[in-house]
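Residue numbers start from 1 in every chain, and the chains themselves are labelled A, B, ... in the order their sequence lines are given, proteins ahead of strands.
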Amino acid sequence: MTSLLTGLNPEQAEAVTLPYQSALILAGAGSGKTRVLTTRIAYLIQSGQASPNSLLAVTFTNKAAREMVARLGTLLPINTRGMWIGTFHGLCNRMLRAHYQEARLPQAFQIIDIGDQQSFIKRLMKALAIDEKAYPPRQIQWFINNAKEEGLRASQLEAHDTFSRKMGEFYHVYEERCMQEGIVDFAELLLRCYELLLQHEALRRHYCDRFRYILIDEFQDTNRLQYKWLKLLAGIGLSQHAAVFAVGDDDQSIYAFRGAHAGNMKEFERDFAVQKIIKLEQNYRSHGNILDAANALIDNNQGRLGKNLWTAEGSGELIRVYNAATDFEEAAFIVEEVKALQAEGVSLSEIALLYRSNAQSRVLEHSLFNASLSYRVYGGMRFFERLEIKHALAYLRLMVQPEDDISLLRIINFPTRGIGSRSLEQLQDDAKQLGMSLWVTALQKCGPGLEQAKVQKGVTGFVALIKSMQQACRDLPLPEIIRYVIAQSGLVAHYAAEREGAERLDNLNELINAAVSFVHESEDDSLISFLSHASLEGGELQADQHQKALQLMTVHAAKGLEFHSVFLSGLEEGLFPHENSRSEANGLEEERRLMYVATTRARRRLYLSFSQSRMLHGQTHYNVPSRFIQEIPDHLLKWLQPKHQSVSNADFSSGWRPTASQLSGVSNAFSSNPVSNASKQITWKIGRTVSHGTFGTGVITNCEGQGKDLRVQVRFNRAGTKWLLLEYANLTLL
DNA sequence: TTCCTTGTCGCCCGG
DNA sequence: CGACAAGGAA
């Protein structure tokens, strides 16, 4: 018993050993959250308070779930396989599979990802002759998912205008078609599971009796439906309810834009009669200066639950800030610094390059590639999203759930078997008339009937192919099924014949390997189970995982990770904080939390960089430095100079604002040399940040004229874009 | 049916 | 800029 608790600080130990009650653990970044969570589980089991069966632990990502299971395995000599540890979606899927009849789902219901959902919606819109211009599919998708995440069915929606009424009507048709085809989207997994528990009292009681202990990670990221699901499962309203151990950090809530409701923390306190809120504030990750910066930054947000990170270690290095002229130059700077770090002995895999949006990675990748630095970009195409894999999965899905039109359409003519658009249209028309799935329609046409002559050879062949696959695979083990299907479907032959199909062929073989490891790791090794796994796990590409490579990812993707050194690039207004956040309620605060997450990823060294000009969406943007840099106290920052810039030049200005450190270091160059008339042509150039008495700060976006007619166009942060005559405007360079 | 041109549109994330 | 969908020509 003592061994579990050794090394824990008093707050951590208190959390781990809490008696039977619901509790909220406010766990700051790097405060040992995962350790507390897993040790809590181990403690409950080891002390005999709970059996592995009576526990349920829920996370947001598969990665977090895997990590929890792995750590638990090292703490306790128990079989973690059958335990209910997983993501919200994974656990809901599990429950729905177990009670598919009560949930009114086919046994082999298939889970569609957002891509499938998108094409499904488009197809449905086409069939209903809905104008894609007036109702963008993206928006409809967003509408449906949002409604579901609020726990709302189409029948429960209120429409105040034609637009939302039309959306609601479409949602209704969408629901029906999903049922008909036996497909379930991500949000539906949760909603269906919620309704299952809500409508089947006996079932609810069964699970409430069973799960006496529920643990939730990243609680600030739960949406309204997930919270409602939790309340049902925990038995709120019943005579006795489960002890819920919720771990979260309101300062790291960065998913409000997709429905996360950090207010759930407050509601949790009330609904679960929480008596104990434990704050974990000691940080074991970063040096003091980094934490001070993060604390100062987040202090600008209102209505926080309140938390201040501290460390027992020293303050460490200052945060390095770099002002680049162009995004290209910013990338060059990063490359140089990475090389220097490498020379100091820091492993490439311990260095992260973070950015606000994926579009920013290209310039960086380009420079890294030219410098022959190996890097790995996260968040790209994932294994199960690759085209060839989706094709293979579509065949497999069709075998277990042939009424899945999405899958049928994907592969009915791939590889090509002479089913052109004509015959496909015919089939779809017939299906619509019969009100049946494409598969059933095709079956009828091929069956011992009258119209056989009319039926395309291709369709008959396709039906026969699928049927023979079903037959042949009946008793094969999972990996063999996949081997058989990718061969018989013609996929292997197709890619073997293709000029650049070698990699796709490799991936198809990799799918067999994935099935082999799935069989080893999972207790249910059926095809249906594997298909769920493929849908729920994006499947990070395993390759190069251990290879030493620089880590490139968005700030969102970096949550939960830590690195020796972190580069945070593109710190510009409009980019970070993102332009769109201005129009969203509390958008700026969410951006600030995102910045907080980014800074707290670094253990030892943190770089912040911004660029005066940047290529985005095919045009050059001129942005002012991010306000987030200003929100970090001066004394924590160290401004770096571009190497090529001469200090004696009047154009010199390493920062957009003189700082204490800057002035003390290079005071002669800056303070004794006010901008002279002679240098104006050089100084007032596009991209420079300027300040105006009434309009405030802005960026020069254009200029024209000469001498005293020299005019510049300035885009001000608040006052909009204006042309100003330099002679009168009294602009100051920052 | 395939291939190539043209046009449109774009944020961040996960299951 | 670049990914991707749609439409025309071979």
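Between B:dC11 and C:dA6, the distance separating the two C1' atoms is 25 Å to the nearest Å. Nucleotides C:dA5 and B:dC12 place their C1' atoms 24 Å apart, quoted to the nearest Å. Comparing the C1' positions of C:dA3 and B:dG14 gives an interatomic distance of 22 Å, to the nearest angstrom.
Applying the 5.5 angstrom centroid cut-off and the 30 degree plane-angle cut-off, the aromatic ring of A:Phe257 is stacked upon the base of B:dC12.
Residue A:Arg382 places at least one side-chain N or O closer than 4.0 Å to OP1 or OP2 of B:dG15. Taking only side-chain nitrogens and oxygens, A:Asn62 comes nearer than 4.0 Å to OP1 or OP2 of B:dG15. The shortest distance between the side-chain N/O atoms of A:Thr87 and the OP1/OP2 oxygens of B:dG14 is not below 4.0 Å.
Rounding to whole angstrom units, NZ of residue A:Lys126 and C1' of C:dG7 are separated by 12 Å. In this structure, A:Lys559 atom NZ and B:dG14 atom C1' are separated by 10 Å, rounded to whole Å. Regarding A:Gln141, its CD atom lies at a distance of 14 Å from the P atom of B:dG10, rounded to whole Å. Per the geometry, CZ belonging to A:Phe576 stands 10 Å off C1' belonging to B:dC12, to the nearest Å. Look at CG on A:Leu531: it is 18 Å from P on B:dG15, rounded to the nearest Å. Rounded to a whole Å, the CD atom of A:Gln139 is 14 Å from the C1' atom of B:dG10. Taking atom NE2 of A:His89 as the reference point, atom C1' of B:dC13 lies 12 Å away to the nearest angstrom. Remark: P of B:dC13 and CD of A:Gln252 are 17 Å apart, rounded to the nearest angstrom.
Minimum atom distance to the side chain of A:Ala557 is reached by B:dG14, of the listed B:dC11, B:dG15, B:dG14. With B:dG15, B:dC13, B:dT1 as the choices, the nucleotide that has an atom nearest any side-chain atom of A:Thr416 turns out to be B:dT1. If you check C:dC1, B:dG14, B:dC13 against the side chain of A:Thr61, the one that comes closest is B:dG14. Checking B:dC11, B:dG15, B:dC13 against every side-chain atom of A:Asn358, the shortest atom distance belongs to B:dC13. Side chain of A:Arg362, nearest nucleotide from B:dG15, C:dG2, B:dC11: C:dG2.
Comparing A:Ile114 and A:Leu594 by the nucleotide of DNA chain B whose heavy atom lies nearest to each, the residue mapping closer to the 5' end is A:Leu594.
Residue-level contact check: A:Arg417 touches neither bases nor backbone, having no heavy atom under 4.0 Å from any strand. Among the protein residues, A:Asp113 comes within range of no part of the nucleic acid, since none of its heavy atoms lies under 4.0 Å from any strand. Contact annotation for A:Glu149: base contact, defined as any heavy-atom pair under 4.0 Å involving a base atom. A:Phe60 comes within contact range of the sugar-phosphate backbone alone, with a heavy-atom separation under 4.0 Å but no base atom that close. At a threshold of 4.0 angstrom between heavy atoms, the contacts of A:Leu190 with the nucleic acid are absent.
Separation of the A:His391 and A:Tyr495 ring centroids does not fall under the 6.0 Å cut-off.
A donor and an acceptor atom sit less than 3.5 Å apart, one in the side chain of A:His578 and one in the base of B:dC11.
Remark: A:Tyr135 OH is packed, more than 12 non-hydrogen atoms of other residues, nucleotides or ligands lying under 6.0 Å away.
Pairs passing the ring pair (Phe, Tyr, Trp, His ring centres under 6.0 Å) check and including a residue from residues 578-597 of chain A, sequence neighbours excluded, do not occur.
Stacking of A:Arg258 on the aromatic ring of A:Tyr255 is recorded, both the 6.0 Å distance cut-off and the 45° axial limit being met. A cation-pi arrangement is found for A:Arg97 relative to A:Phe109, the charged atom lying closer than 6.0 Å to the ring centre and inside a 45° cone about the ring normal.
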From CA spacing to verdict: salt bridge (charged side-chain N to carboxylate O under 4.0 Å, His left out), A:Arg304, A:Asp251
CA-CA 7 Å; A:Arg304 299 168 53 217; A:Asp251 291 333; 2.8 Å; yes

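Side-chain contact between A:Ile112 and A:Arg397 is present, with heavy atoms from C-beta onward closer than 4.5 Å.
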